[in-house]
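Structure first, commentary second.
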Amino acid sequence: MNKKTVRDIDLKGKKVFCRVDFNVPMKNGEITDETRIRAALPTIEFLADQGAKVLLASHLGRPKGEVVEELRLTPIATRLSELLGKDVKKVDEAYGEEAEAAANSLSDGDVLLLENVRFYAGEEKNDPELAKAFASLADVYVNDAFGAAHRAHASTEGIAQHIPAVAGLLMEKELDVLGKALSNPERPFTAIIGGAKVKDKIGVIENLLEKVDNLIIGGGLAYTFVKAQGHEVGKSLLEEDKVDLAKSFMDKAKEKGVKFYMPEDVVVADDFSEDANTKVVDIDSIPSDWEALDIGPKTRDTYRSVIEESKLVIWNGPMGVFELQVFANGTKAVAEALSTSEAYSVIGGGDSAAAVEKFDLADKMSHISTGGGASLEFMEGKQLPGVVALNEK
Ligand SMILES: Nc1ncnc2c1ncn2[C@@H]1O[C@H](COP(=O)(O)OP(=O)(O)O)[C@@H](O)[C@H]1O
Ligand SMILES: O=C(OP(=O)(O)O)[C@H](O)COP(=O)(O)O
């Protein structure tokens, strides 16, 4: 990597604004998967051991520039404190008098967690004033938030324009592992794309078609493609204005000789809940008032055999609503196939990582990336703004 890292600078006594990705899944105020917090520990510990005063900043969810009580980072400070085995201070703002006072009260090696940076409208707009305000809290900027590196926001990009800016250890490791997998991919190379962020992910598919041999589609994303195939999708997740785009990707796949795998059958439900009525239907028979929430058994078998024949697989986004037991089978089948296959497996995305963790298969994967969108954009060959902004070696 041609970017400076925390190992290349003097940290003793310095106030360090360290952007991490603590955007963890939460339910009723509880953290349901702490993979991202654990992944940031080596950098936090390194900074503290070097005698830095560590100011951690992160987003959580998408509060869109307003304070949302449930999206405060307080529960994360509590858990981080347990994991680090030392006190983690928390302030209720990410810049301003209170944050400054808290930063100035730190001793070397202390750790402070700032409030959710997305409580400020300027964060996602990459407002230079907000970036300056963040920068004014510290002497050095460290970006360890690989999961948010595809965002050009005030705390991921703007701040790096004002103070020395280097990569954290997680950022370095992610770029290294993903870069190696991609530089000369072993074939067959398969990408599995699922999840719910249709708008974010659909564009990625076009670029992936230039790189992969097989493309597998699942999750909520699939139904925009199912519609493009000419089938009705009932109440399933659908981005109507992306249907034509989806159609053009399927045509492009054909032209390029990329095998494009879509659900052949699905599990439909009459309600988005654990005790909904469910049934398996063929993809051309989704009832109008039902919603497809998982791939079906025929699809599971097909996807499993594609994975078994692959040498490199990147997986981003669950195949169904795996958080509910009744819709978890598709995601589980993919995770199990990856766990036994010889393929080098790269899992990306907060929810996909959570799924693999939930099925107790995390240690069977070659690399679990903390970034979903970020790993996809990186694999597409795009420059990540949060990386570009860092100082060159
Ligand atoms: N068929 C579906 N309909 C609605 N939501 C779905 C469906 N399949 C998966 N999901 C949801 O997608 C979410 C994950 O999407 P996304 O954020 O895109 O994945 P990741 O975090 O792995 O990148 C999960 O919460 C899951 O419940
Ligand atoms: O969870 C994240 O992305 P991911 O779901 O693509 O892994 C990152 O924290 C970025 O969050 P964002 O997609 O709200 O900018």
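Counting convention: from 1, in listed order, for ligands and their atoms alike.
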For Asn316, counting its heavy atoms only, list the atoms of ligand 1 lying under 4.0 Å from any of them. 23 (O)

Quick one: does Gly372 get an N or O within less than 3.5 Å of an N or O on ligand 1? no

Part of Arg36 within contact of ligand 2 (heavy atoms, under 4.0 Å): side chain

Are Phe17 and Phe134 an aromatic pair by the rule of ring centers under 6.0 Å? yes

Ligand 1 atoms in contact with Gly317 (distance to a heavy atom under 4.0 Å): 19 (O), 22 (O)

Please report which non-hydrogen protein atom sits nearest to atom 6 (O) of ligand 2, along with the residue it belongs to and the distance in Å to one decimal place. Gly373 N, 2.6 Å

Give the atoms of ligand 2, by number and element, whose distance to some non-hydrogen atom of Arg151 is under 4.0 Å. 12 (P), 13 (O), 15 (O)

Has ligand 1 got any nitrogen or oxygen that is less than 3.5 angstrom from a nitrogen or oxygen of Met319? no

Closest approach of any protein heavy atom to atom 11 (O) of ligand 2, naming residue and atom: His59 NE2, 3.2 Å

Counting heavy atoms only, which part of Asp200 comes closer than 4.0 Å to ligand 1: side chain, backbone, both or neither? neither

Ligand 1 to Leu293, heavy atom cutoff 4.0 Å, flagged ligand atoms 1 (N), 3 (N)

Any idea which protein heavy atom is nearest atom 24 (C) of ligand 1, and the distance to it? Glu323 OE2, 3.2 Å

Phe260 and Phe225 aromatic centres sub-6.0 Å: yes

Classify the contact between Ala292 and ligand 1 as side chain, backbone, both or neither, using a heavy-atom distance cut-off of under 4.0 Å. backbone

of all protein heavy atoms, closest to atom 7 (C) of ligand 1 is Gly220 N, 3.3 Å

Which protein non-hydrogen atom lies closest to atom 5 (N) of ligand 1, naming both residue and atom, and how far is it? Val321 CG2, 3.7 Å

Quick one: does ligand 2 sit under 4.0 Å from the side chain of Arg118, the backbone, both or neither, non-hydrogen atoms only? side chain

Show the atoms of ligand 1 that are less than 4.0 angstrom away from any heavy atom in Ser352. 22 (O)

Under 4.0 angstrom from ligand 1, any heavy atom of Glu291? no

Give the residue and atom name of whichever protein heavy atom lies nearest to atom 14 (C) of ligand 1, and the separation in Å to one decimal. Asp351 OD2, 3.4 Å

Protein heavy-atom partner closest to atom 23 (O) of ligand 1 - residue, atom, separation in Å: Lys201 NZ, 3.0 Å

Which protein non-hydrogen atom lies closest to atom 3 (O) of ligand 2, naming both residue and atom, and how far is it? Lys197 NZ, 3.5 Å

For Asp21, the atoms of ligand 2 under 4.0 Å from one of its heavy atoms are 8 (C), 9 (O)

Asn23: numbered ligand 2 atoms lying under 4.0 Å from its heavy atoms: 1 (O), 2 (C), 8 (C), 9 (O), 11 (O)

Considering both backbone and side-chain atoms of Gly372, is one of its nitrogen or oxygen atoms within less than 3.5 Å of a nitrogen or oxygen in ligand 2? yes

Identity and distance of the protein heavy atom lying nearest atom 8 (C) of ligand 2: Gly147 O, 3.3 Å

Any idea which protein heavy atom is nearest atom 11 (C) of ligand 1, and the distance to it? Ala196 CB, 3.9 Å

Relative to ligand 1, is Tyr223 under 4.0 angstrom through side chain, backbone, both or neither, heavy atoms considered? side chain

